[in-house]
Amino acid sequence: MSALLRAARDTAIVVPNADILGRALEAGEDRVLYAAYRDIQPPRRALPLPGPSGPAGGGEFVYADLVLYSGGSLPGGEPVRSLGHWNTPAQLEIFQVISGQVLMMTAWHDARGPHLCHQIAGPGELMSVPLGAAHVTYVLSEEGAAVFNIYTDLPGLPDVSGRGGGPEGSGHSSRQAALSPELKYRAEHPVPALTGIRTPNPQPVGPAAQPRGWGEPVAAGPPFWLTEHFAARDLADWHLHATCADIALLRQAAVHAGPEAWFSRHRSPVEPVPATLDPDPDTLLGSAPPPKESHS
């Protein structure tokens, strides 16, 4: 909990009832909200992209993480949650719940104005984050939750500087943000947060902060292009065994999905991937045991 309160004080992360949380910490109540295991599986090689490359740069690889959440509520009444952050403009990030139930809220701006969506997901269900959006996860199950996710940077899209992923110094990749809390959690605009969740049928209440006129969160689900690609396949299994063509198709579908298609349940056309993208026999990269991040 202490990490959450520090983030509320030092970054754009919003925490409702932060004063109650602070008093609980002063009384000695502090617990780990979740543990994040970075690179739980070896990075997978994708197509070469301009910009920083290799496991540190991020452009050429698809990475996998596992987050284990505790259950219950915070002293202020909101469910156990992630810190929340803004993704980079080129970052594709997909989640699959392994156990428990979570609510993910996403927020972003485009030419039509601000958008605020939420999705409730249980075991086996997919969630995705629109490019450049903020997202925060809330745990709805008392026993906690386990969530697996993959992420990569997409070709031809700008980095945080607003330019295409180019020479060093033009911005940072999603991989660089994942490895640096200074990059990941410090943002110009607040990450909207929920003031609570109604039960027994979970519905979000909020958001707590409305810096640009955020309204009530709108229910959404994974887009058709995402569910079509994975069908009933396990995301972790896909990350381990997908061919280069599989990875290219997923990235291409995300690039071609406009804002309206991100949560659309209807088909959007995607060009076929050339047969020359058949897999390199060595698309798995060896990695050290995954580092663990704990957030209290």
Side-chain angles (χ1 to χ4, degrees), residues 7 11-16 78-79 81-97 102-121 125-138 140 147 149-154 156-162 171 174 177 184-198 202-229 250-251 253-268 270:
T11 72
I13 292 171
V14 175
V15 178
E78 66 173 332
R81 53 169 285 183
S82 65
L83 296 183
H85 65 272
W86 289 88
N87 281 5
T88 58
Q91 182 177 358
L92 170 64
E93 189 167 24
I94 299 167
F95 302 79
Q96 187 173 50
V97 178
V102 301
L103 181 150
M104 178 177 286
M105 187 167 70
T106 54
W108 72 100
H109 294 273
D110 60 23
R112 298 170 300 167
H115 303 271
L116 194 62
C117 292
H118 79 274
Q119 180 184 348
I120 294 173
E125 294 184 300
L126 296 168
M127 302 178 291
S128 59
V129 178
L131 306 180
H135 63 100
V136 58
T137 299
Y138 295 85
L140 302 183
V147 181
N149 74 284
I150 62 172
Y151 67 95
T152 187
D153 286 345
L154 297 176
L157 297 177
D159 56 29
V160 292
S161 68
S174 61
K184 183 174 182 177
Y185 296 112
R186 292 189 181 275
E188 180 181 352
H189 305 299
V191 178
L194 300 179
T195 54
I197 293 178
R198 301 186 186 98
Q203 290 293 326
V205 180
Q210 302 189 45
R212 294 191 177 184
W214 302 104
E216 289 291 322
V218 176
F224 183 87
W225 61 264
L226 181 63
T227 55
E228 182 183 48
H229 187 89
L250 175 66
R251 287 154 59 92
V255 167
H256 284 270
E260 297 83 3
W262 203 266
F263 291 106
S264 173
R265 305 302 177 89
H266 303 290
R267 179 187 298 273
S268 57
V270 176

Determine the minimum heavy-atom distance between [X] and [Y], stating which atoms define it.
{"X": "Ala107", "Y": "Trp86", "value": "O-CZ3, 3.5 Å"}
{"X": "Thr106", "Y": "Ser128", "value": "CG2-O, 4.4 Å"}
{"X": "Tyr151", "Y": "Asn149", "value": "CD2-ND2, 4.0 Å"}
{"X": "Asp153", "Y": "Arg251", "value": "O-NH1, 3.2 Å"}

If you measure from [atom1] on [X] to [atom2] on [Y], what distance do you get to the nearest 0.5 Å?
{"X": "Thr227", "Y": "Glu125", "atom1": "OG1", "atom2": "CD", "answer": "11.5 Å"}
{"X": "His109", "Y": "His115", "atom1": "NE2", "atom2": "NE2", "answer": "9.0 Å"}
{"X": "Leu226", "Y": "Ile94", "atom1": "CG", "atom2": "CD1", "answer": "5.0 Å"}
{"X": "Leu103", "Y": "Leu140", "atom1": "CG", "atom2": "CG", "answer": "5.5 Å"}
{"X": "Met127", "Y": "Gln96", "atom1": "CE", "atom2": "CD", "answer": "9.5 Å"}

For Glu78 and Val15: C-alpha separation, side-chain torsions, deciding distance, then whether side chain to side chain contact (heavy atoms under 4.5 Å, CB included) applies.
CA-CA 9 Å; Glu78 66 173 332; Val15 178; 3.7 Å; yes
So does Thr137 get a backbone contact from the side chain of Ser82, meaning a donor-acceptor N/O pair under 3.5 Å?
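Pair found, side chain donor or acceptor close to backbone of Thr137.
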Answer yes or no: is there a side-chain heavy-atom contact under 4.5 Å between [X] and [Y]?
{"X": "Leu250", "Y": "Thr152", "answer": "no"}
{"X": "Phe95", "Y": "Val129", "answer": "yes"}
{"X": "Pro89", "Y": "Leu131", "answer": "no"}

Could you label the plane-to-plane angle of the His85 and His135 rings as parallel, tilted or perpendicular, counting under 30° as parallel and over 60° as perpendicular?
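Perpendicular.
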